[in-house]
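The structure appears below as structure tokens.
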Amino acid sequence: MAEKSAVLLCTCGGQLNLDYEALVDRLGEMELAGHVEVHDLVCQPDGLDVVKRLLAEHGRLVIAACTSQKLKPRVDMALQHDGVTAPLITYVNIREQLAWVHKPSPEATEKALDTVHGAISLSALAEPPSVVCKDLPRHVTIIGAGIAGLECAVNLSRLGYSVALLERSDEVGGHLRRLPVIAPTGRSGPEVLGPRIDAVMSSDRIDVMLGVDVKFVEGEVGSFKVHYTADGSQEDGVIETSAVVLAMGFKEFKPTMMDEYGYGRNPDVITQYELSTMLSEGRLERPSDGGSVKEVVMVQCVGSRSEQFKRDCSKLCCTFAIDNALELLERDPAIRVHIVYMDIRVPFENEAVYRESREKGVDYIRGRVCSVWQSGNNTYLRLYDSLMDQYFQLSPDLVVLSSALLPPDGVEELAETLGYAVEYDGHVKELYGKLRRVETRRRGVFAIGAVTGPQFVSEAITDAQAAALLVHAELQGGRIETVPRGAVLDLDSCVGCSLCAQHCPRGVPLMIEQDGGADETEKIQFKAAIDILNCHACGVCQSLCPSGATELNFLTNEQLWAQTKGALSHAGRDRPVTLCFYCEECAASTIDIAGTLHMEYPASTRLIPVPCAGRVSAIDILRAFEYGAATVMIASCEKNRCHMGGTGNEIAQAQVDVTKEILSAIGWDSRRVEMYRMFSAEPERFRSAIAEMVERAHDLGPTPVHLGTAGQWKEVVS
Amino acid sequence: MVGPVLIVGAGVAGMTAAVELADAGVHTVLVERLSTVGGNALRLYKAFPTDDCFFCFEGNRWRPGIRKCFYRSALTDQPNIDLRVNTTVVDISGTPGSFTVRLRTEPTYVDPKKCILCGLCTTRSEAFKLSSPQCQPQTVSVDPTLLDDEARRVASECPTHAIDLDATPSEDTLVVSDIVIATGYHEFKPQGVQEYGYGEHPNIITQLELAEMLDPTGPSGGVLLRPSDGAPVERVMMVQCVGSRSVDHFPFCSKICCVFALKHANIIAQEHNGIRVDVVYMDIRTYDRHERYYRMARRAGVGFIRGRVSRVVPRDDGRLDVVIYDSLLDQYLQYEVDLFVLSSALEPSEGTAALISQLGLQDRSGFVAPVEDGSVDGVMAGDHVFVCGTALGPAEVPESVTQARAVVSRILQGGV
Ligand SMILES: Cc1cc2nc3c(=O)[nH]c(=O)nc-3n(C[C@H](O)[C@H](O)[C@H](O)COP(=O)(O)OP(=O)(O)OC[C@H]3O[C@@H](n4cnc5c(N)ncnc54)[C@H](O)[C@@H]3O)c2cc1C
Ligand SMILES: Cc1cc2nc3c(=O)[nH]c(=O)nc-3n(C[C@H](O)[C@H](O)[C@H](O)COP(=O)(O)OP(=O)(O)OC[C@H]3O[C@@H](n4cnc5c(N)ncnc54)[C@H](O)[C@@H]3O)c2cc1C
Ligand code: SF4
Ligand code: SF4
Ligand code: SF4
Ligand code: SF4
């Protein structure tokens, strides 16, 4: 069913150099344009009143004005003020994508006409959305009861949530229990933990469970089921919970396989954490014979910053080596401490502690340890000093290895059922490194503290506090009421292929076992289920679904095809047109900024927004060729920077690659389609990309569709 | 009752706090000294760890998506956010939970809700310009010193009557429940740090100034030219710890300058053909995954010299002679460079000291100190007073925004 829309054209204060008269005339002739009106200032109060009037009169509206990125929020606000929450408005950018980048010309007018034509075709098929409500239990499960898990539990309980705090060992507190001093506070680990443990233990909202192993997790945000086993019990337990916070901390690397240090063979070679444990228990002696400790060598970057074990720096070990060195001197000022290092890395005010240690006589040797060996009761160590360019030998009582900090065991295993992504170093991968650190790819799953990478205590605490907020924001205090935008699944069409479940960037579709059908042999065992309230609205599942079962409720296949067809109205043999599908995240802004900077490009271009480049399927691209496009480009965010859990644009890339293969197979030139990545700090990326595709459109000439030879193996691939 | 909340400073930290509070339904007043939000980020082009723009912060429930560029963050249209640019805090009185704050707003001359960026005024008079395509609010700014007759004429022709050249400063008094300090940092300008000659020769610049030169939308279009004579740059030398780790200036390590120096070194080595970069350092401090930038730099052929600069002497041909003591070789070395870039310390921004004293807070190397309640609490500075981002000390964006969220979390918990 195709409904007519009103069209409102804005002149931006009379400053847009477009042929409005021609536009009004020719748009008026379009069947789907119910009414056409021009206004000078749509974003100002008068203009917003016109929007309200047209919407009330015509039900659906196309606004051709400046970028929707700026206009839409203002229109939405104005309408919301009148109680209209999900208006049927489609935006067309005739400023940043048109008047500001093209000289006035018949081609520019055609582009405006076509683009509006596409928009009214899309608008014609729009379905009025409705409000959906959902209640979520105010319950959160935290895995790991180190400082991060404890702090998060306390914060969540204060925000009104019940918490299950699961700890694998038989005590809460994690590594901090054995730290004699926490830089830069000067307090011991137990002192820092104390108030938090008290708060957790005295809260009736927090249920602490010790000796618990999480087996697997099912479900999704709002209705996870955490399956676990408890110490001594054979039976599995299940916790029903709305969100999961990962707080499993870290594991210190045990360098037994590094022959040069003799760790594991020589009892006087220990790790920093083993030294911390010794000091926090008030002991200081040679583990081999209980002898007194007079000379200590600390070795930095053991396992870290090495291609073999951990490529990156462990961040904390310089700081805690210095801490432990000072702690040793505190116990016995006569101890000689040497620290063998490559770079000393101590952030901010820890530099003062570093200076203090030098003043107190800690001996810093820039170089590498070559070997450690035992002879008689003594340990010997040979090292190379790169400042002196000399080799030295020492005979310390203790060799303390500042050993790498690694992810805890079990991160990969839990990822299998919880669906978060894992970083190359084995830690939990954050949703987006610059801005979304404590969220993961999977909705409803958060990660805090050292499980995301080595962290200082203060950072782990900040993470925990921030995560409490993000859980609260995700669960919206327990009740979600909204007009959902996202994927809708037609269960009857689902063929159970599970492509959506495998590739959804946010892990939304679940494969649900279907119960008894009439005929066992024809029955599809598993079918997808999508909760639109969890959906990120990228359309990846739609582009992948072989049976068209999942579709975005605001951009169905029919809608996108209708829009594409409308936008290519003028395309043809003598009018080579480049169609650009662009994502409404970094690509949209790159195009906007190019517009704001008035960077010119040819008007033989048509731009169609999609929520994520991953929404565009090979079929959508082929449709564009069918409707007359000469070349097609997809503009997306940078690799790994996709706004949809990082992977939507990789799906787009796969679709483009497949399209290229199809084109080659049917005798077209595969250079007619390309994918480009961009971000707004480099607007030139868009300008040069589209210029390239326009040039290809000219160079490659009419397509087989234009020539009427499609399917006849006419185009020669050069 | 929580709110309204006053946030001082609209860099990435302050903006994040504002949208999170707004999402939670808390009214916020976001005060920014300059005419646009964004703070230092607006001038920094590309950011580690993601190597995309510096110009985004998180979206919010009402603008969904994991991040939004400044220009499209719609801060002026948000419910619950009252953005006041060109505004500073004059004084604060009252009690925690109910502070009375007096704000002073300098005129912007252009109403941000009315300006449509149509381009009429900017094409006719120099007095009007778009400070950055990413500025927020998206509005032209006015340089009052350039106002002439033409400017006045065009002002009266503005299609939305957005311009009022006779605007005067105003003051306002509010009562707020909590205060968030997000006043950020200032890049130390090492004038008078003798060995480096900053301010004495145009080819001696800071990293922030280099970021502006590398920015393709910046004044030089991203091409590296010698400021002195516009000649192409062939050799760049960076020097670390300028002002930092120094008992004469800032005893602390500024924590992120190694990473941003290598970020810039890599951009130059990889994207600017034929330019040689060397980095003079004491320790390279690239923590955790930032080590990647160090590995990349070594692979890209960036030179590393462990030592200290002892002298910089301008030559007649526009180059600089740099004399360095190399501590690995135990030798003095001399280099000829076109651009000498100082990785300068991060210092607290101006006005932070005043806030510290008005609110009776503690300072930590000049930055706002967290309260010491024995529990390593990062973001609480006093009763109902919070701090986040680089106002707390040198920090990168990911840390700054996590702190901002921690602040909001604590405010929603009742400010405890
Ligand atoms: C030698 C040493 C010295 C240090 N000194 C300092 C210092 O001076 N200053 C400073 O700021 N930081 C210091 N740190 C860092 C500090 O230890 C960390 O910041 C802190 O421990 C991080 O807390 P966390 O809760 O993330 O992890 P952890 O302390 O590791 O706690 C994680 C908890 O999760 C549990 N767990 C793990 N897996 C599971 C599972 N699958 N199921 C259930 N539970 C699980 C663990 O048993 C543990 O209790 C030091 C670290 C070391 C090694
Ligand atoms: C050369 C350089 C490169 C960098 N590169 C990176 C990078 O690649 N990645 C990364 O993560 N980080 C990087 N950083 C750090 C990054 O800039 C900061 O982490 C981030 O910008 C901090 O944001 P903020 O909001 O804390 O502070 P700011 O950006 O400083 O914002 C503070 C705001 O408060 C306003 N303000 C200050 N005082 C007052 C007052 N009294 N009243 C009202 N308003 C006030 C200021 O005008 C400003 O707008 C870099 C820093 C430098 C110097
Ligand atoms: S913190 Fe220091 S010891 Fe640890 S890996 Fe980094 S440089 Fe090496
Ligand atoms: S639209 Fe995207 S986020 Fe939503 S279910 Fe489909 S793939 Fe997942
Ligand atoms: S274009 Fe740049 S500023 Fe905008 S969202 Fe993308 S990375 Fe962020
Ligand atoms: S981060 Fe690097 S350059 Fe900056 S002060 Fe610290 S050591 Fe020096």
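Letters go in sequence order (proteins before strands), and every chain restarts at 1.
Salt-bridge check for D283(B) with R245(B): passed, with a basic side-chain N closer than 4.0 Å to an acidic carboxylate O. One finds no salt bridge joining R67(B) and E585(A) here, because no Lys/Arg side-chain nitrogen approaches an Asp/Glu carboxylate oxygen to under 4.0 Å. Salt-bridge formation is detected for the pair D312(A)/R295(B): a Lys NZ or Arg NE/NH1/NH2 atom is positioned less than 4.0 Å from an Asp or Glu carboxylate oxygen. With salt bridges taken as basic N to acidic carboxylate O contacts below 4.0 Å, none links R687(A) and E682(A). Salt-bridge formation is detected for the pair D51(B)/R292(B): a Lys NZ or Arg NE/NH1/NH2 atom is positioned less than 4.0 Å from an Asp or Glu carboxylate oxygen. A salt bridge is absent between R437(A) and E459(A); no separation between the charged side-chain nitrogens and carboxylate oxygens falls under 4.0 Å. Remark: R441(A) does not engage E430(A) in a salt bridge, criterion side-chain N to carboxylate O under 4.0 Å. A salt bridge is defined here as a Lys NZ or Arg NE, NH1 or NH2 lying under 4.0 Å from an Asp or Glu carboxylate O, and R289(B) with D425(A) meets this definition. Using a 4.0 Å cut-off between charged nitrogen and carboxylate oxygen, R355(A) and E349(A) do not count as a salt-bridge pair. Under the 4.0 Å criterion applied to side-chain N and carboxylate O atoms, R345(A) and E291(B) are assigned as salt-bridge partners.
Of the two parts of E307(A), only the side chain, counted from C-beta on, holds a non-hydrogen atom closer than 4.5 Å to a non-hydrogen atom of chain B. Interface remark: A74(B) contributes side-chain atoms only to the contact with chain A (heavy atom separation under 4.5 Å). Using a 4.5 Å cut-off between heavy atoms, L117(B) touches chain A through backbone and side chain atoms alike. The parts of D288(B) that come within reach of chain A are both its backbone and its side chain, each placing non-hydrogen atoms under 4.5 angstrom from that chain. Both the backbone and the side chain of T286(B) come within contact range of chain A, judged by heavy atoms closer than 4.5 Å. Proximity to chain A involves both the backbone and the side chain of Y71(B), based on heavy atoms less than 4.5 angstrom apart. The parts of D52(B) that come within reach of chain A are both its backbone and its side chain, each placing non-hydrogen atoms under 4.5 angstrom from that chain. Contact annotation for R306(B): only side-chain heavy atoms (C-beta onward) come within less than 4.5 Å of a heavy atom of chain A. The contact between Q15(A) and chain B is made entirely by side chain atoms (from C-beta outward), counting heavy-atom distances below 4.5 Å. Both the backbone and the side chain of K114(B) come within contact range of chain A, with heavy atoms under 4.5 Å apart. The parts of I344(A) that come within reach of chain B are both its backbone and its side chain, each placing non-hydrogen atoms under 4.5 angstrom from that chain. Using a 4.5 Å cut-off between heavy atoms, V401(B) touches chain A through its side chain atoms alone. E584(A) touches chain B through its backbone: at least one of N, CA, C or O sits under 4.5 Å from a heavy atom, while the side chain does not. Proximity to chain B is absent for every atom of A78(A), based on heavy atoms less than 4.5 angstrom apart. For chain B, the nearby part of L597(A) is the side chain; its heavy atoms alone come within less than 4.5 Å. There is no contact between Q78(B) and chain A, counting heavy-atom distances below 4.5 Å. Looking at Y424(A), only its side chain comes within 4.5 Å of chain B, counting heavy atoms on both sides. For P251(B), the parts lying near chain A are the backbone and the side chain together; criterion is any non-hydrogen pair under 4.5 Å. Interface residue L435(A): backbone and side-chain heavy atoms are both found under 4.5 Å from chain B. H598(A) does not touch chain B: none of its heavy atoms, backbone or side chain, sits under 4.5 Å away. Using a 4.5 Å cut-off between heavy atoms, T462(A) touches chain B through backbone and side chain atoms alike. In this structure, the portion of C43(A) lying under 4.5 Å from any heavy atom of chain B is its side chain and not its backbone. For chain A, the nearby parts of K113(B) are the backbone and the side chain; heavy atoms of each come within less than 4.5 Å. Residue contact with chain A, scored on non-hydrogen atoms closer than 4.5 Å, involves the backbone and the side chain of C118(B) alike. Heavy atoms closer than 4.5 Å to chain B are found in both the backbone and the side chain of D463(A). Looking at E399(B), the atoms closer than 4.5 Å to chain A (heavy atoms on both sides) all sit in the side chain, from C-beta outward.
Ranked by heavy-atom pairs under 4.5 Å with chain B, the list L387(A), T596(A), T482(A), V438(A) is led by L387(A). The choice from M342(A), H536(A), Q476(A), E684(A) that makes the most heavy-atom pairs within less than 4.5 Å of chain B is Q476(A). Residue with the most contacts toward chain B among L470(A), L431(A), D76(A): L470(A) (heavy-atom pairs, distance under 4.5 Å). In terms of heavy-atom pairs under 4.5 angstrom with chain A, the leader among Q403(B), Q138(B), E58(B) is Q138(B).
Contact annotation for residues 637-646 of chain A against chain B (heavy-atom separation below 4.5 Å, listed by residue number): R641(A), C642(A), H643(A).
P370(B) is listed as a side-chain neighbour of L392(B), based on a closest heavy-atom distance under 4.5 Å. Residues W100(A) and L16(A) meet the side-chain proximity criterion, which asks for heavy atoms closer than 4.5 Å. Looking at S589(A) and C69(B), their side chains come closer than 4.5 Å, going by heavy atoms from C-beta outward. A heavy-atom distance below 4.5 Å is found between the side chains of F679(A) and K46(B).
Aromatic rings from Y354(A) and Y364(A) are positioned such that their centres are separated by under 6.0 Å. In this structure, F55(B) has its ring center no closer than 6.0 Å to that of Y45(B).
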| message | Before you tell me yes or no, could you show the steps for S73(B) and F57(B) under side-chain contact (heavy atoms from CB on, under 4.5 Å), namely the whole-Å CA-CA distance, both residues' side-chain angles and the distance that decides it to 0.1 Å? | response | CA-CA 8 Å; S73(B) 57; F57(B) 72 119; 3.3 Å; yes
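For Y325(B), the ring-ring contact (aromatic ring centres under 6.0 Å, His included) partners are Y332(B), not counting sequence neighbours.
For R485(A), the CZ atom sits in a loose shell: 12 or fewer heavy atoms of surrounding residues, nucleotides or ligands are nearer than 6.0 Å.
Side-chain polar atoms of Q413(B) and N155(A) form a donor-acceptor pair below 3.5 angstrom.
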